[in-house]
Number of protein chains: 2
Amino acid sequence: MVNESRKEREYLYREQRILDIARPVIVQEGYHALNMNRIAEQLEYSKGTVYNHFPCKEEIILALAIQTLEQRTEMFQRAARFVGRSRERMQAIGLACELFARMFPEHFVVEQLVRIPSIWDKTSATRQQQLYRGETCCLSLVSGIVHQAVGAKDISLPPGMVPEELVFGLWSMTFGAYSMLATNSNLPALGIVNGYEAVRSHLRHMLDGYGWRPLDAEHDYDEVVHQVMTQHFPTEAAQIFQNA
Amino acid sequence: MVNESRKEREYLYREQRILDIARPVIVQEGYHALNMNRIAEQLEYSKGTVYNHFPCKEEIILALAIQTLEQRTEMFQRAARFVGRSRERMQAIGLACELFARMFPEHFVVEQLVRIPSIWDKTSATRQQQLYRGETCCLSLVSGIVHQAVGAKDISLPPGMVPEELVFGLWSMTFGAYSMLATNSNLPALGIVNGYEAVRSHLRHMLDGYGWRPLDAEHDYDEVVHQVMTQHFPTEAAQIFQNA
DNA sequence: TCAATTATTGACTAAGAGTCAAAGTATGTC
DNA sequence: GACATACTTTGACTCTTAGTCAATAATTGA
């Protein structure tokens, strides 16, 4: 049984290596540059062996998306540990989200790729479920904070709106903005110079619009950001804001 | 010269036919189902002739994106003609945006496709410029309304924020939400039942958060929507809201 | 030691993007 | 109407790459 687990470990290690080979290729040279011959060559195994791990190219893309989503979830979990009022905790999530987007801008490219129907449809239901579970986990974490807010009467949602739909709004805004920042080189010409700052402002104003207490003007959220950063994301923050 | 222009007309007509053939294939069967042999066959011309029109497959995708963007711009222009206070006119744009998204949900799939770096990089600078011009036109239309609002003191933007950055927020939210609605089949399971309604609410609350007067509570924006719909989008509204 | 099981290989097939020399068509001139 | 010139269309061809699978190699357990 010791051998069995050694083999298993080696198998998983090789699977990880395939992803480690694929990611920089996709990120730096694009989807078309990613081909199975090349992966096999770099892996120093034959193509058939690569196909033992992943039944098709698309499955590798999905595996990459799942991996970054797990990173993201881990960062969200860390942020959610912040002890404070509901909106302070949401601010912590907002910071985690921005740090994640700046550390892994390619995530949004891979995420866009994997959603292309002709790619998605080729992947296995098992891995699709895995991505969905990751998404669900991430969303529940955030909607949990909204539930806390509703419970504490820090916010009162419009009639008919559930916490998940509020999270959908925050998610849409960040997904839309970070995707465009990653792929639309026209933005600077349009006058959008500091996209990340704009997103921060929009999220705050949106929550203000919903009347989530304490409002931006009633509280020093920059101080919260500072605390979360030093307490929960010291290395990440140093990496991202070194030049700022 | 009459002959010359007849030939030109025929050429443009055939170009349009290529796009008309390509669009349903991409929408219904996906990117991979779109191949040049098939287009040539349906066009009843040879592959070489198709290549005379478009130097590569990717260029067709970009041409499709430009076409829908033109549709969108036309609808935005119609909405912007609404005479009223700045936020009423923005509400008109919001309606146009939703109608567009519901009439052409595939636009967001094509838009996502065209931004994939390995697709984008194969297209000609000329057509890229064309898409950028379309975007610029659409965005200017909307930021014009924000300028009107600032001028009329209906809104006062936070220090350092330009009107274009506010529009970037609205754009991110709608692009993100409509893209996910078009490609993420996990949303209902997550509790997001009526995405379009949620987006409407988020946009209103975000503008409220920025203090754009008259606030949602101070004015009957549903009445504005009704007016814009009957005055500027009678057929579209009938088509979309027939069952609502 | 050896049979059975499991893993690896890479030549092979299939499909589709993109090319280009040859064939076909239109136009203008005498 | 005959012919030269310019432009258009064609589809067989090459090339790349996804995916397969019978043959080969390695591992395991008795």
Side-chain angles (χ1 to χ4, degrees), chain A residues 1-18 21-22 25-26 29-64 113-114 116-124 127, chain B residues 1-18 21-22 25-26 29-64 113-114 116-124 127:
Chain A
M1 281 306 106
V2 172
N3 277 341
E4 193 58 21
S5 91
R6 194 207 74 205
K7 271 180 94 171
E8 212 177 299
R9 269 203 320 276
E10 281 175 359
Y11 186 87
L12 287 171
Y13 172 69
R14 194 169 56 192
E15 191 144 310
Q16 187 51 58
R17 274 193 60 217
I18 294 176
I21 289 166
V25 176
I26 277 217
E29 300 170 63
Y31 174 66
H32 276 119
L34 184 77
N35 72 65
M36 296 306 244
N37 289 315
R38 187 173 163 177
I39 290 177
E41 210 174 295
Q42 279 196 249
L43 187 67
E44 292 179 280
Y45 276 91
S46 76
K47 202 166 26 156
T49 300
V50 179
Y51 274 96
N52 274 349
H53 286 268
F54 297 99
C56 64
K57 202 183 150 170
E58 286 73 18
E59 196 87 9
I60 297 183
I61 317 263
L62 181 49
L64 288 173
L113 254 180
V114 91
I116 300 301
S118 68
I119 292 184
W120 182 259
D121 294 344
K122 285 194 174 184
T123 59
S124 67
R127 267 215 176 71
Chain B
M1 281 305 106
V2 171
N3 278 341
E4 192 59 21
S5 91
R6 193 207 74 207
K7 272 178 94 172
E8 212 176 301
R9 268 202 321 276
E10 281 174 359
Y11 186 87
L12 287 172
Y13 172 68
R14 195 168 54 191
E15 191 144 311
Q16 186 52 56
R17 272 194 60 218
I18 294 176
I21 290 166
V25 176
I26 277 217
E29 299 170 65
Y31 174 66
H32 277 120
L34 184 77
N35 72 66
M36 295 306 243
N37 288 315
R38 187 171 164 179
I39 292 177
E41 212 173 293
Q42 279 195 250
L43 187 68
E44 291 179 282
Y45 277 90
S46 77
K47 203 167 19 156
T49 300
V50 179
Y51 275 96
N52 274 347
H53 287 268
F54 297 98
C56 64
K57 203 183 151 172
E58 287 72 20
E59 195 88 9
I60 296 183
I61 317 262
L62 181 49
L64 287 174
L113 254 180
V114 90
I116 301 299
S118 67
I119 292 183
W120 182 260
D121 293 345
K122 285 192 173 184
T123 58
S124 66
R127 265 215 177 73

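One finds the CD atom of B/Glu29 at 9.5 Å from the CG atom of B/Leu34 (value rounded to the nearest 0.5 Å). Atom CD1 in A/Ile39 sits 13.0 Å away from atom OG1 in A/Thr49 (nearest 0.5 Å).
Residue B/Thr49 places at least one side-chain N or O under 4.0 Å from the OP1 or OP2 atom of D/dT10.
A straight line from CD of A/Glu59 to C1' of D/dG19 spans 14 Å, rounded to a whole angstrom. Separating the CD atom of B/Glu41 from the C1' atom of C/dA15 is a distance of 14 Å, rounded to the nearest angstrom. At whole-Å resolution of the value, CZ in A/Arg38 and C1' in D/dA18 are 16 Å apart. Look at OH on A/Tyr45: it is 12 Å from C1' on D/dA26, rounded to the nearest Å. One can place CD of B/Glu8 at 11 Å from P of D/dT8, the figure rounded to the nearest angstrom. The distance between atom CD of A/Glu44 and atom C1' of C/dT9, rounded to the nearest whole Å, is 15 Å. Here the C1' atom of nucleotide D/dT20 and the CZ atom of A/Phe54 are 19 Å apart, to the nearest Å. Per the geometry, CD belonging to A/Glu10 stands 17 Å off P belonging to C/dT6, to the nearest Å.
The salt bridge (Lys or Arg N to Asp or Glu O under 4.0 Å) test applied to A/Glu41 returns no partner, not counting sequence neighbours.
No side-chain heavy atom of A/Val114 sits under 4.5 Å from any side-chain heavy atom of A/Thr123. Inter-residue side-chain proximity for A/Asn35 and A/Arg38 is flagged as met; some heavy-atom pair is nearer than 4.5 Å.
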Please list, for nucleotides 16-19 of chain C, all pairs of protein and nucleotide N/O atoms separated by less than 3.5 Å.
unit_1, atom_1, unit_2, atom_2, d
C/dA17, OP1, B/Leu34, O, 3.4
C/dA17, OP1, B/Lys57, NZ, 3.4
C/dA17, OP2, B/Met36, N, 3.0
C/dG18, OP2, B/Tyr51, OH, 3.3
C/dG18, OP2, B/Lys57, N, 3.3
C/dG18, N7, B/Lys47, NZ, 3.0
C/dG18, O6, B/Lys47, NZ, 2.4

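Environment of CD in B/Glu44: sparse, with no more than 12 heavy atoms of neighbouring residues, nucleotides or ligands closer than 6.0 Å.
Counting non-hydrogen atoms under 4.0 angstrom, A/Arg14 reaches the backbone sugars and phosphates but no base.
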